[in-house]
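As structure tokens, the structure follows; a few thoughts come after it.
Since the model is a prediction, treat every value here as computed from it, not as a measurement. Below, chain A is the first sequence line, B the second, and so on; all start at residue 1.
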There are 2 protein chains.
Amino acid sequence: MSEISRNGVGGGGQSGRIGIGLELDDIHMKILEVLRENGRISVAALAERVGISRASAYTRFEALRADGAIKRFTAEIDHVRAGLGITALIFVTVRQQMWKQFRAELARMPEVEYCAITTGQHDAMIQVRVADVAAVHTMVTDRLANIPAVKATETVFILDEVLKRPYVLPSDHEHDRDRDPGQGRGRSARRPAGEAQGGDVPLGKMRFVGAAEGRAALQKDL
Amino acid sequence: MSEISRNGVGGGGQSGRIGIGLELDDIHMKILEVLRENGRISVAALAERVGISRASAYTRFEALRADGAIKRFTAEIDHVRAGLGITALIFVTVRQQMWKQFRAELARMPEVEYCAITTGQHDAMIQVRVADVAAVHTMVTDRLANIPAVKATETVFILDEVLKRPYVLPSDHEHDRDRDPGQGRGRSARRPAGEAQGGDVPLGKMRFVGAAEGRAALQKDL
DNA sequence: GTTGAAATTAGTACGAA
DNA sequence: TTCGTACTAATTTCAAC
């Protein structure tokens, strides 16, 4: 229980890339599948569900944590129940070469649950959870607007969260019903999906939005 | 252990609203704080960290699950490690009164990790995790575009996930260092944050985007 | 990588404050 | 309600195969 034992780099930095650790095989994937749905399952029960022995389950479990494939275990909490009924998305345009400052300020905002740097019209999207709409206004108006790095914002409210999956895994994509243990369809059997048979697309109703001002290369600059 | 014992409605539907269950006090909040950071902590250790007895911890733990405040426990998985290195946001404009179909189709797409209905220019935002950029293109072009409910899409790529907090809680907002156990600042002591002192906002560089076509009221129609 | 043991710990039920 | 204890059942660790 308690802390991680032999975890040198595992759940380290915010978005730190770690060198390629272990090769994830089918059993690893199955473990992840079980764990994302029931993070509190015992390793013994996990072993049974995956079809391996207890000792192996412990070994693999530890390996996945140490490797960083499993970053942490968390409880999914009902925001409304917790008193934060309002969720909003704020799209931010960041002034060039002020990303570092933007990031630093962001870390100081506890109401921010998620922030991603995106291509497209805006530079970043942040998701906030607050108690009421006034708090959104306060946040955008007082906090964000006062950050020099923030050039402009655009706010939308989330009316309903239609679906929220724990974590998507490659095994979800290919709907294998027939299990072939000896086949080893681990990392390689995933078909590239590049052979798009897209011939009967109705019209050009979709739009891909590339990076504005060639900002894409700037992500390391943070 | 496994399933919830006295859970009548608890972790029921996707977005089902449940009647007000238990009043969450400070200790409940502390439990949630610990659990969102370490979902696999033992109840004994949890009791110690929160400062209550084991028996109480078990009772409250169960109550939080039964109430639905804790929806589930999950493992945070490294998508890149799992083989899904590409994350994209797809903003979808949905044809009116075809929400039900849109939702149904969405449920059949395993690469969708999150979908929210929003105000603003678009109607919904979906986040997908796939192996490569080609898969994004395939998905938008073949899958989404072929859904009648989808009027238009706009896709942006996520270049970096700056921060991802397990779950935001009200207690994060007010940085209480001084603990006053007898004061009971549970749900009520949260200040409305409405008194915005926003006087020195530089300029009108922020924008609030309301619902398009009065769609806001339509969310129950799904 | 697997099985089977021992030691520890977790979960439950009860009474008392 | 909450706490503390004892009891039962489960898990984890460690050994040998």
Side-chain angles (χ1 to χ4, degrees), chain A residues 1-7 10 21-35 37-67 69-70 72-75 179-186, chain B residues 1-7 10-11 20-35 37-67 69-70 72-75 179-188:
Chain A
M1 68 303 306
S2 66
E3 296 311 314
I4 309 149
S5 50
R6 57 178 175 108
N7 184 2
L22 71 161
E23 279 277 322
L24 302 180
D25 59 14
D26 296 355
I27 295 168
H28 284 123
M29 284 302 179
K30 287 192 80 173
I31 291 173
L32 294 181
E33 276 176 57
V34 174
L35 248 30
E37 282 170 16
N38 185 4
R40 275 186 84 86
I41 194 172
S42 70
V43 183
L46 176 68
E48 197 177 24
R49 286 195 55 179
V50 173
I52 54 174
S53 70
R54 266 123 336 168
S56 296
Y58 276 104
T59 308
R60 285 171 174 272
F61 183 88
E62 265 260 353
L64 284 168
R65 292 210 62 167
D67 179 63
I70 298 173
R72 86 214 303 181
F73 291 93
T74 184
R179 295 174 61 254
D180 283 297
Q183 198 50 29
R185 47 158 176 75
Chain B
M1 71 313 292
S2 65
E3 294 311 314
I4 308 147
S5 51
R6 57 180 176 104
N7 184 2
I20 3 89
L22 71 161
E23 278 278 322
L24 301 180
D25 58 16
D26 296 355
I27 296 169
H28 283 124
M29 285 301 179
K30 287 193 80 172
I31 291 173
L32 294 181
E33 276 176 56
V34 173
L35 248 30
E37 281 170 17
N38 185 3
R40 272 185 87 84
I41 194 172
S42 70
V43 183
L46 175 69
E48 195 177 24
R49 286 196 55 177
V50 174
I52 55 175
S53 70
R54 272 184 288 238
S56 296
Y58 275 105
T59 308
R60 284 171 175 272
F61 183 87
E62 264 261 351
L64 284 169
R65 291 209 62 165
D67 179 62
I70 298 173
R72 88 212 303 181
F73 291 93
T74 185
R179 294 174 62 253
D180 284 298
Q183 197 51 28
R185 45 157 177 78
R187 297 190 66 112
S188 47

Value in whole Å for how far the [atom2] atom of [N] lies from [atom1] of [X]:
X: A/Arg49; N: D/dT11; atom1: CZ; atom2: P; result: 14 Å
X: A/Phe61; N: D/dT13; atom1: CZ; atom2: C1'; result: 15 Å
X: B/Leu46; N: C/dT9; atom1: CG; atom2: P; result: 17 Å
X: A/Glu48; N: C/dG1; atom1: CD; atom2: C1'; result: 18 Å
X: B/Arg40; N: C/dA10; atom1: CZ; atom2: C1'; result: 13 Å
X: B/Ile41; N: C/dG11; atom1: CD1; atom2: P; result: 11 Å
X: A/Tyr58; N: D/dA10; atom1: OH; atom2: C1'; result: 10 Å

Closest non-hydrogen contact found for B/His28 with B/Glu23 is ND1-O, 3.5 Å

Provide the closest heavy-atom pair for B/Leu46 versus B/Ile41 in the form atom of the first, atom of the second, distance.
N-CD1, 3.9 Å

Could you grab the distance from atom CD of A/Glu33 to atom CG of A/Leu35, nearest 0.5 Å is fine?
11.0 Å

If I take atom CZ from residue A/Arg49 and atom CD1 from residue A/Ile31, how far apart are they, to the nearest 0.5 angstrom?
12.0 Å

With sequence neighbours left out, the residues meeting salt bridge (charged side-chain N to carboxylate O under 4.0 Å, His left out) with B/Arg54 are none

Of all residues at least two apart in sequence or in a different chain, which pass the salt bridge (charged side-chain N to carboxylate O under 4.0 Å, His left out) check with A/Arg60?
A/Asp25

With sequence neighbours excluded, what pairs up with B/Val43 under the side-chain contact (heavy atoms from CB on, under 4.5 Å) test?
A/Arg40, B/Ala57, B/Tyr58

Got a list of protein N/O to nucleotides 2-9 of chain D N/O distances below 3.5 Å?
residue: D/dT2; atom: OP1; partner: B/Arg60; partner atom: NH2; Å: 2.8
residue: D/dC3; atom: OP2; partner: B/Ser53; partner atom: N; Å: 3.2
residue: D/dC3; atom: OP2; partner: B/Ser53; partner atom: OG; Å: 3.2
residue: D/dC3; atom: OP2; partner: B/Ser56; partner atom: OG; Å: 2.6

Among residues at least two apart in sequence or on other chains, which ones pass ring-ring contact (aromatic ring centres under 6.0 Å, His included) with B/Phe73?
B/Phe61

Please report how far the helix from C/dG1-D/dC17 to C/dA17-D/dT1 bends, comparing the axis fitted to its first five pairs with the axis fitted to its last five, to the nearest 10 degrees.
30°

